[in-house]
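Structure first, then comments.
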Amino acid sequence: MSTSNQVLADWVQEVAELTQADDIYWCNGSAAEDESFNHQLLEDGSYKRLNPETHPNCYLHLSDPKDVARVEHLTFICTQQASDAGPNNHWMDPQQAHKKMDDLFKGCMKGRTLYVIPYCMGPIDSPISRCGVEITDSAYVVQNMRLMTRMGDEALRRIEREGTFVKGLHSTGELDPERRFIMHFPEERVIKSYGSGYGGNALLGKKCHALRIASYQAKDEGWLAEHMLILGIKTPAGKQHYVAAAFPSACGKTNLAMLIPPEGYLQDGWEITTVGDDICWMRPGEDGRLWAINPEAGFFGVAPGTAKDTNPNALAMLYQDTIFTNVAQTADEQPWWEGLDDRVPAIDWQGRPYDPANGPAAHPNSRFTVSAKRCPSYSPASEDASGVPIDAIIFGGRRASLVPLVNEARNWNHGVLMGATVASETTAAATGKVGVVRRDPMAMKPFCGYHFGDYWGHWVSMQEKANNLPKVFTVNWFRKDEDGGFMWPGFGENMRVLEWIIGRCQGTAEAHETAIGLMPKASDINTENLDLDSDVLEALLAVEANGWQQENQSVAEFLQEYGDRVPQALYDELAKSEKNLSS
């Protein structure tokens, strides 16, 4: 196959000459092609077929043990001006970066096939979607991209109609950590990744395109590319709402995306659907609201901890048509990981007989790749070309103290400040110090393709593009009591907080003004059939003035790290909070 897009045809030829690939194969996205690739991966040992009776059409891939996670210290943003990348990114001069990468790519596909993957991020016919082409020498990457994007002929036709696409060049190289880099050229809409086969480094449609390049593109074009889940919430009255939520890692993002409400809510007629679990692209609509798509077509999730009691919807997806990476196996060749159940695995993630002395059976960052349509709570609205209208944006961190269960921003700028300064506290196990606050703005710290000050300014500027913006909230499921126990039950019970948030969007729920925002009283949260003392709920909704004055000082210091590019609006909102606290 070839293409009528001359830029694409020339680029593929240029890469083939640089890499000295033996063959060029254009992926078409067909079922026959899928079967052929699975057969090829089984033949060359990259795949192992899992138990066909319990897990039909499921495969296990074991990575090189030195290639099991994102490599943020080797990930660069290559803008013409170093200042545009910001202190939140590693920067390299674009010319230097291109030379470094092209030297690595030289001759790297000798004896290999060059695969061309045209893909669309989002529904094929959506004006919010954007296309890309990934060139790779990994059939494993092809199969993951098949699940994670709309890949093949239809995407190629759209590229030919529009004439624009993000270029992504990838090679596993020698899988040498000393020869491994991921370079992003936001101004050129180009990604180059060498030396890794791991998903976050090799599936270029994911974090590389959908966040780092897209966040920059969104700034240029007037929309938002965010590290957010998208959740559908239908009330008993039949009113459909959509919420986008940003959480740093280990803060319950996937669990919230696939939330199963408590029994009483289900009986009353509440319904939760999943549009996306990781990435959200939002664009102002003609009605002044933000309309969102999930640009991905699948889930690339962390396996350990996924279980019947933590996330039954996620677990239910994984019994068919799934690629597992670096999980363990039971004696009858079923996938297994820590937290799944009490069986004892037979083979660990490195293919060795399981021995607890070697550490966990499944790698802590082991993954599953599966089509979003396999999720029991999958929303058909995921395919809507217009996207879904966002009623509320939620920011969450992991704070053992101070930050209340839920808080509503006073206005859009205050919401941007809340998102910009969202944080998690470290644990003793991680650092030896408890309660060190690490800020992860909008959960985008590793993923924003440009200077955070400019990024916050872009968020503030959305008020000029849309006059009916979502309400903004923060949540904190992780407050602890004096004994170190969680005060809030979390998981499905988070529905009780979502109910108040939806009530606020509908104008039916009460809130009172506090120094830090608009909050419910304990009586405004539905606690029916919830075993929670009223004084605990009061404590979860309390505002501790002294603690917040210290927090605001910490926030001011954090913002100052980003210099004069920080929008004045954030400092103005911080000053309002300070004034409220001291009055």
Side-chain angles (χ1 to χ4, degrees), residues 120-130 148-150 210-211 214-215 218 221-247 253-254 256-261 269-299 313 371-396 412 415 419 442-443 459 462 465-473 475 494-495 498-499 501-507:
C120 184
M121 300 304 293
I124 286 284
D125 55 349
S126 172
I128 310 177
S129 300
R130 292 289 179 270
M148 293 304 298
T149 68
R150 282 82 169 172
L211 290 177
S215 60
E221 297 176 3
W223 47 284
L224 294 166
E226 300 302 323
H227 187 210
M228 291 179 173
L229 63 88
I230 309 171
L231 187 68
I233 304 173
K234 190 187 272 188
T235 69
K239 181 87 172 101
Q240 181 69 60
H241 294 273
Y242 292 95
V243 169
F247 292 82
K253 192 157 158 239
T254 303
L256 184 61
M258 300 175 192
L259 181 139
I260 295 177
W270 288 87
E271 188 185 324
I272 296 286
T273 48
T274 308
V275 177
D277 79 324
D278 196 42
I279 299 175
C280 167
W281 287 0
M282 292 181 281
R283 170 181 304 272
E286 287 174 14
D287 60 357
R289 296 198 287 177
L290 290 184
W291 289 73
I293 60 165
N294 169 15
E296 299 189 298
F299 302 125
N313 277 335
S371 167
K373 289 179 179 173
R374 295 263 320 131
C375 182
S377 56
Y378 170 77
S379 170
S382 303
E383 293 298 324
D384 287 358
S386 58
V388 297
I390 299 297
D391 297 293
I393 290 173
I394 302 173
F395 295 108
W412 181 255
M442 280 83 166
W459 265 80
M462 295 309 288
K465 303 173 179 71
N467 58 12
N468 193 6
L469 288 164
K471 285 181 175 288
V472 181
F473 300 83
V475 296
N494 294 336
M495 182 70 216
L498 293 178
E499 181 185 9
I501 287 172
I502 294 305
R504 291 297 297 158
C505 295
Q506 292 185 157

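One-based numbering along the sequence shown.
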Pair up each side-chain donor or acceptor in residues 381-396 with any protein partner under 3.5 Å, not counting sequence neighbours, and list the distances.
residue	atom	partner	partner atom	Å
Ser382	OG	Ser379	O	2.7
Glu383	OE2	Arg150	NH2	2.9
Asp391	OD2	His241	ND1	3.2
Asp391	OD2	Tyr242	N	3.0

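- Put simply, CD on Gln240 and CD1 on Ile502 are 9.0 Å apart, with the number rounded to the nearest 0.5 Å.
- Under the side chain to side chain contact (heavy atoms under 4.5 Å, CB included) criterion, Ser129 pairs with Cys120, Pro123, Ser126, Arg158, Ile293, sequence neighbours left out.
- Interatomic distance, Glu499 CD to Trp270 CH2, rounded to the nearest 0.5 Å: 4.5 Å.
- Although no hydrogens or angles enter the test, the distance criterion places no donor-acceptor pair under 3.5 Å between the side chain of Trp223 and the main chain of Leu290.
- The closest donor-acceptor contact from the side chain of Asp277 to the backbone of Thr254 lies at 3.5 Å or more, if one exists at all.
- Nearest heavy atoms, Met462 versus Pro284: CE-CG, 3.7 Å.
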- Derivation of the side-chain contact (heavy atoms from CB on, under 4.5 Å) call for Asn294 and Thr274: CA-CA 10 Å; Asn294 169 15; Thr274 308; over 6 Å; no

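- Here CE of Met121 is found 7.0 Å from CE of Met148. Values are rounded to the nearest 0.5 Å.
- Proximity of a side-chain donor or acceptor of Trp459 to a complementary backbone N or O of Leu224 within less than 3.5 Å is not detected.
- Note that CG of Leu469 is 4.5 Å distant from CH2 of Trp412, once rounded to the nearest 0.5 Å.
- Put simply, CG on Leu259 and OG1 on Thr273 are 11.0 Å apart, with the number rounded to the nearest 0.5 Å.
- We find the CG-NE2 distance between Leu211 and His227 to be 6.5 Å, quoted to the nearest 0.5 Å.
- Judged by distance alone, with hydrogens and angles left aside, the side-chain atoms of Arg130 form a donor-acceptor pair with the main-chain N or O of Pro127 at under 3.5 Å.
- For the residue pair Asp287 and Asn467, the shortest heavy atom distance occurs at O-OD1, 4.1 Å.
- Cys280 approaches Ala244 most closely through the heavy-atom pair SG-CB, 4.2 Å.
- The local environment of NZ in Lys465 is crowded, with over 12 non-hydrogen atoms from other residues, nucleotides or ligands closer than 6.0 Å.
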- For Ile233 and Met495, what are the C-alpha separation, side-chain angles and deciding distance, and is it a side-chain contact (heavy atoms from CB on, under 4.5 Å)? CA-CA 10 Å; Ile233 304 173; Met495 182 70 216; 4.2 Å; yes

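- The two residues Leu256 and Leu231 make their nearest non-hydrogen contact at O-CD1, 3.3 Å.
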- Query: Is there a side-chain contact (heavy atoms from CB on, under 4.5 Å) between Ile260 and Asn313 once you walk through the steps?
  - Reply: CA-CA 8 Å; Ile260 295 177; Asn313 277 335; 3.5 Å; yes

